[in-house]
**Q** 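Quick one: this structure, given as structure tokens, is what I'll be asking you about.
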Amino acid sequence: MARDLLGATLTVRFGGKVRSARIVETEAYMRNDPASHAFRGPTPRNRSMFSRPGTLYVYRIHQVVCANLVARRGEAVLLRAAAVKGLVPKAASGPGRLCRVLGISREDDGEDAVSGRRIEVRLGGERVKGVLVGRRVGIRRAVDRPLRFALENESAVSRIRSFTTG
DNA sequence: GAAAAGATTACCT
DNA sequence: GGTAATCTTTTCC
């Protein structure tokens with residue numbers, strides 16, 4: 001699903017406005033994955049990660065928030081970068097910047113992104129080409145698993161140098 | 001209760 | 001390339 005979300009459209013509704021973005025970088029956090037927030041089972045923070053597929057899991061880290069989409073119960077995809085319509089490419093390069101520029105906050109934690117009240121993810125439909133694969137960023141455990149995905153030739157992708165495949 | 005760690009970012013050299 | 005800022009959650013006593 002992390003792969004399939006590349007090229008998907010993420011739409012967020014503010015007050016009266018709509019901001020739309022193309023997802024260009026993701027990471028997968030799986031079951032039995034020591035790097036996953038869900039590894040040690042449900043806690044108050046990661047509760048929504050065990051909810052239905054399509055649920056948003058939004059958490060705070062340092063000074064920022066990051067957003068995930070639940071793939072299966074206990075597994076989620078971190079949205080790392082997107083190309084936002086009408087903004088410079090680097091505006092949403094990185095999970096914290098992505099949430100900031102799209103107005104995603106912890107109040108969105110647990111919301112459904114498929115039926116889409118405020119936030120909606122719509123898959124592109126066609127299979128994208130030129131997918132880069134690499135190690136996940138910023139983790140200390142399970143660092144070697146190839147669970148980071150990004151689109152080639154997208155300047156919104158963060159830390160492009162660290163990819164191993166592509 | 002207290003301490004440590006962290007799916008980051010901005011700014012430094 | 002490295003590190004400080006900053007604050008919430010988890011874990012441990």
**Q** Counting heavy atoms from C-beta on, name the nucleotide in dT9(C), dA7(B), dT8(B) closest to the side chain of Thr43(A).
**A** dT9(C)
**Q** Select from Arg106(A) and His62(A) the residue whose nearest nucleotide in DNA chain C is closer to the 5' end of that strand.
**A** His62(A)
**Q** Please report, rounded to the nearest Å, how far the C1' atom of dT8(B) is from the CG atom of Asn68(A).
**A** 14 Å
**Q** For Arg19(A), which of Leu10(A), Thr11(A), Leu87(A) qualifies under side chain to side chain contact (heavy atoms under 4.5 Å, CB included)?
**A** Leu87(A)
**Q** Distance-only, no hydrogens or angles: does the Arg135(A) side chain make a donor-acceptor pair with backbone N or O of Pro146(A) under 3.5 Å?
**A** no
**Q** Would you please confirm or rule out a distance under 4.0 Å between OP1 or OP2 of dT8(C) and any side-chain N or O of Arg45(A)?
**A** no
**Q** Measure CG/Asp109(A) against C1'/dA7(B) and give the value in whole Å, please.
**A** 14 Å
**Q** Any stacking of Tyr29(A) on dA7(B), going by centres under 5.5 angstrom and planes within less than 30 degrees?
**A** yes
**Q** Using the ring of Tyr29(A) (Phe, Tyr or Trp, six-membered ring only), decide whether Arg136(A) places NZ or CZ under 6.0 Å from its centre and within 45 degrees of its axis.
**A** yes
**Q** Within this structure, what is the CZ-to-C1' distance between Arg140(A) and dT8(B), rounded to whole angstrom?
**A** 15 Å
**Q** Would you tell me if any nitrogen or oxygen in the side chain of Arg60(A) comes within less than 4.0 Å of OP1 or OP2 on dT9(B)?
**A** no
**Q** For the pair made of CZ in Arg141(A) and P in dG6(B), what is the distance, rounded to whole Å?
**A** 7 Å
**Q** In this structure, how many angstroms lie between the C1' atom of dT11(C) and the NE2 atom of His37(A), rounded?
**A** 15 Å
**Q** Side chains of Thr55(A) and Asp112(A): any donor to acceptor distance under 3.5 Å?
**A** no
**Q** Taking for each residue the nucleotide of DNA chain B bearing the nearest heavy atom, is the 5' side occupied by Arg97(A) or by Ala67(A)?
**A** Ala67(A)
**Q** When you check the side-chain N and O atoms of Ser158(A) and Glu25(A), is any donor under 3.5 Å from an acceptor?
**A** yes
**Q** Taking the side chain of Arg100(A) as heavy atoms from C-beta outward, which of dA10(B), dA7(B), dG6(B) is closest to it?
**A** dA10(B)
**Q** Output the rounded distance in Å from CZ (Phe39(A)) to P (dG6(B)).
**A** 14 Å
**Q** Examine the base of dA7(B) for any acceptor or donor lying under 3.5 Å from a partner atom in the side chain of Glu27(A), and report the outcome as yes or no.
**A** no
**Q** Roughly, in whole Å, what's the span from OH in Tyr57(A) to C1' in dG6(B)?
**A** 11 Å
**Q** Have a look at Ile139(A) and say if it touches a base, only the backbone sugar-phosphate, or nothing, with a 4.0 Å heavy-atom cut-off.
**A** sugar-phosphate
**Q** CZ of Arg159(A): more than 12 outside heavy atoms within 6.0 angstrom?
**A** no
**Q** By nearest atom, which of the nucleotides dA7(B), dT9(B), dA5(C) is closest to the Gln63(A) side chain?
**A** dA5(C)
**Q** Quick check: does any side chain N or O of Arg106(A) sit under 3.5 Å from a backbone N or O of Asp108(A), one acting as donor and the other as acceptor?
**A** no
**Q** As a check on the pairing definition, encode DNA chain B in dot-bracket form, counting Watson-Crick and G-U wobble pairs whose two distances are under 3.5 Å, and using | for partners outside this strand.
**A** ||||||.|||||.
**Q** What is the separation between atom NZ on Lys90(A) and atom P on dA10(B), rounded to the nearest whole Å?
**A** 12 Å
**Q** Does Glu120(A) come within less than 4.0 Å of Arg13(A), counting only side-chain N to carboxylate O?
**A** yes
